[in-house]
Amino acid sequence: MTDTGIGASVRRKEDNRFLTGRGRYTDDINRTGQAYACFLRSPHAHAKIDGIDTGAAKNAPGVIAVLTGDDVAADGLGGIPCGFAPTGVQAPHNAPPRPALVQGKVCFVGDLVAMVIADDLNQAKDAAELIQVDYQELPANVDPAKATDSSTTRIHEAAENNLYADWGLGDKEATDQAFAQAHHVTKIDLINNRQIPNAMEPRCSIGEYDQADESYTLYTTTQNPHVTRLLLAAYVLQIPEHKLRVVSADVGGGFGSKIPHYPEEALVTWTAKKVGRPVKWTAERSESFLSDTHGRDHVTRAELALDENGKFLALRVHTSASLGAYLSTFGAMSTTYLYAPVLSGQYIIPAIYCGVTIVFTNTAPIDAERGAGRPEATYLVERLVENAARETGIDRIEIRRRNFIPEDAFPYQTPVVLAYDSGNYAPILDKALEMADRAGFETRNADAKSRGKLRGIGFCTYIEACGIAPSNVAGAIGAGIGLYESAEVRFAVTGAVTVFTGSHQHGQGHETTFAQIVADRLGVPFDSVDIVHGDTARVQWGHGTYGSRSLAVGGSAIAVACDKAIEKGKKVAAHLLEASVTDIEFKDGNFTVSGTDQSKSFGEIIAAAMVPHNFPLDEMEPGLDQRSFYDPKNFTFPAGCHICEVEIDPDTGVVKIVNWTAVDDFGKIVNPMIVEGQIHGGVAHGIGQALLENCVYDPESGQLLTGSYMDYCMPRADDLPNFNLGFTETPCPHNPLGVKGCGEAGAIAAPPALINAVIDAIGVDIDMPATPEKVWRALQSRPQAAE
Amino acid sequence: MPTVSMTVNGRSAAGEVEGRTLLVEFLREHLRLTGTHVGCDTSQCGACVVHVNGKSVKSCTLLAVQAEGAEVTTIEGLAQNGELHPMQAAFKEHHGLQCGFCTPGMVMSAVDLLNTNAHPSETEIRDWLEGNICRCTGYHNIVKAIQAVAQGQGG
Ligand code: FES
Ligand code: FES
């Protein structure tokens, strides 16, 4: 390993610009002559609109245009499209349209009613206040479990009973049969609490139109610029894709909320042509709370059937999952194929059936949030496993060991579609137990007791399916796009290497990790490698970053493009060294005639290919640049064990995390420092869900009650512990780097580990988030409350 | 419209602003010093922290006119002669940033912490950072970076 190659904790290339205030986030961009947009949003969760009077707003100072749904319709703009319709539904997809500005009714608080464009932002805001909207309020519903009730008001004409689809996965009959013969059944009812992803950078979009070549540019905060371009160009604006450029430079976190194509993006782009000036909109945080896509929001009943030896026989799940008021780009993916297929966890469960009732509610649209479906699945499996252990009297570790998929069973076909390619779970667990000093827990527990505290330890052994995704699978499950990734490697005469990747970075450190791959593969200096991403005019094509896919898919594409360059380099070297191609070996950046000391460095080969004075021009073209479109053969399957230890003050209900141990198997690791950072952040996100964060809508009015950082409790530095991390390594067998992906693992593993620890401490079940009030109330509800 | 003048990163800066213009808007929109970020509208996130007369201040919570005559330092003014400030270097060395959006505010806040309390305990560091939200890092490495500077071994 070199100090910049694979396996080295190289300090990040991107840091200098971020640390000196020279990052280029979308809101930092200002275009000459730009105007400012402000959106009027619905104050009601559900209402008919009988009329909109924009007269006063249009006459306000500085106002350039005031637009409503009628203008959108008059210009023939397409609705905001959805990119995914799951296969396997037992009722038809009821997919209602979503116009960019509402037409006739609003469906959630924050829905887009009108757009004001003015010379400056304050003028736009002032004018928006002058718009008169005549609302006729309708009853609202925010509860996914009540959405299909006959008493609940219908939201969309196109969706009877507010049902999007009834969807199922697995063998229902076999599952029911297994339950009928079970020795023991553990049941659980739980809520996977709605979250707001809260990337720290609010969304921002700037539209621009160039009359000279009739093309648009959209600067926007997106995790996947090419997909946004496709959806906006082909479906909304209905223009050829090459007439739209999407630029997403530095992005301040995404966590799923910057995957979807949003109406605001379409509106600034559309109006840039209409008003003849660039149009800029930046969300205020209050708007982010209302209108960014949210995550989770499942109401679930789950049952686990066991035999007399504590072996799992079957798992049966029913979930009511909300899509919010509209179908977001990949909203129906997190509730279906990113959810049920990981229900087998790290275990052999012979029969599994999962039904999901996917519904509309009068809330912000739901889409992916860090983990997207997999945290929801893992949470219920790991809660069930620990409850089953308690009910049967089997130790919580022992019950896991009895049911683990053994090392020799890989590749392992689960009953829910996925075939795990590799894994070795027992050593992960062993290592985590040792690092967390599980053996010493009783002593620590006794000490806590003597201090009047309740101590608990909780576990989560999770599986993740990431590296999304083989395109044939994506197509089979209902995605409208392929999910390969592209890479292009370009060489400059003087030896610099520029890599154009379809992955997008918004905190993950790709500019460093990907450069390490290239430096390692080609043997060129790390500093000579630059990574370009986030601009559809520069990068050929891409599917962006989510689902922990960038390294496994985007990184593999880069590796393959590098390998192609090496192959061509060998031919060039053979010519220069007057040897046969089959005799040329490539190692550590040098092409050598095997068995001799005759060699050429990569730099020399680049120069020879770019300045082909001595080059076999009749055999091959000059240049060395290569391109790859890498389609993964399978998902990747990282796994891990997280152990959380808590201490609870029974007087206040405050939960203090006293130890967090995480052992993860991500296959090969390129940059350990960056991977550790991803775990820290993922676990913090999961701790947030389990302990602090809860998105609450008022059940009657449908108002968002947690619409600011004063009401929505983000994890702060003083809420979190230090993290104790370890790794094992089972390389991915099917990609060229042996890597698996790490971005979401922490958010998947943390909630069950933490809640299991709280339950261990207080002795009763509790739902997330385990706030002091809830813990205190749970303690009072115990049979012998006061201790 | 009132005019306002102040010293920003050692240079004098002046402009016409509305009474309601916030200091952060003056910095970002008038001076185009876009290193200072806006992450919220309730004075909670700390992405906007700058130094005013040497103390850390949420620049979204001060009107531009309130900074009349003040010495303001933003993240752009922290590095001297092309050398990262030890706190910036430590954030890089200890991977205390990911997306970088909270980072300018974090760094400015952390610098003020050590000006105020040269050797804070871990608890004191975490308490001080209560007003700076980071969604990416879980704070682990931010705390490490600040500890390293306090112990004189930043970058
Ligand atoms: S922008 Fe100032 S505290 Fe959030
Ligand atoms: S580094 Fe992204 S919010 Fe802190």
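In terms of non-hydrogen atom pairs under 4.5 Å with chain B, the most contact-rich of A/G23, A/G688, A/P715, A/G509 is A/P715. The candidate from A/H506, A/E284, A/H685 with the greatest count of non-hydrogen atom pairs under 4.5 Å with chain B is A/H685. If you tally non-hydrogen atom pairs under 4.5 Å between each of B/H37, B/E76, B/R28 and chain A, the highest count goes to B/R28. Put simply, of B/G100, B/A47, B/G39, the one with the most heavy-atom pairs under 4.5 Å next to chain A is B/G39. Taking chain A as the reference chain and counting heavy-atom pairs below 4.5 Å, the highest number among B/T103, B/L97, B/I125 is found for B/L97. Contact tally against chain B (heavy-atom pairs below 4.5 Å) for A/D126, A/D250, A/T282, A/I679: the top residue is A/D126. Ranked by non-hydrogen atom pairs under 4.5 Å with chain A, the options B/C102, B/G96, B/C99, B/G35 are led by B/C99. Contact count against chain B (heavy-atom pairs under 4.5 Å) is highest for A/G252 among A/A684, A/G253, A/G252.
Only the backbone of B/V38 comes within contact range of chain A, with at least one heavy atom under 4.5 Å from a heavy atom of that chain. Using a 4.5 Å cut-off between heavy atoms, A/F255 contacts chain B through its side chain alone, with no backbone atom that close. No part of A/D719 comes within reach of chain B, as not one of its non-hydrogen atoms sits under 4.5 angstrom from that chain. Neither the backbone nor the side chain of B/L78 comes within less than 4.5 Å of any heavy atom of chain A. Proximity to chain A is limited to the backbone of B/T137, based on heavy atoms less than 4.5 angstrom apart. Interface residue A/N30: only side-chain heavy atoms are found under 4.5 Å from chain B. Proximity to chain B involves both the backbone and the side chain of A/Q678, based on heavy atoms less than 4.5 angstrom apart. Neither the backbone nor the side chain of A/I687 comes within less than 4.5 Å of any heavy atom in chain B. At a 4.5 Å heavy-atom cutoff, the contact between A/M200 and chain B is made by backbone and side-chain atoms alike.
A salt bridge between B/R126 and B/E122 is present, with a side-chain N of the basic residue lying under 4.0 Å from a carboxylate O of the acidic one. A salt bridge is absent between B/R32 and A/D28: the closest approach of a Lys/Arg side-chain nitrogen to an acidic carboxylate oxygen does not fall below 4.0 angstrom. The residues B/E18 and A/K125 are annotated as not salt-bridged, no charged nitrogen and carboxylate oxygen being separated by less than 4.0 angstrom. With respect to A/E511 and A/R12, no salt bridge is recorded, no charged nitrogen being found less than 4.0 Å from a carboxylate O.
Note that OH of B/Y139 is 8.0 Å distant from CG of B/L129, once rounded to the nearest 0.5 Å. Taking SG from B/C134 and CZ from A/R716, the interatomic distance works out to 12.0 Å, rounded to the nearest 0.5 Å.
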Kindly determine whether A/D711 and A/S708 satisfy side chain to side chain donor-acceptor pair (under 3.5 Å), including the steps that lead there.
CA-CA 5 Å; A/D711 315 288; A/S708 82; 2.9 Å; yes
Passes side chain to side chain donor-acceptor pair (under 3.5 Å), A/S286 versus B/D41? Steps please.
CA-CA 7 Å; A/S286 311; B/D41 45 14; 2.5 Å; yes
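Under the 30°/60° scheme for interplanar angles, the aromatic rings of A/H680 and A/F723 are found to lie parallel.
Residues B/M87 and B/I146 have side chains in contact (heavy-atom distance under 4.5 Å, counting atoms from C-beta outward).
A cation-pi contact, defined as under 6.0 Å to the ring centre and within 45° of the axis, links A/K13 to A/F526.
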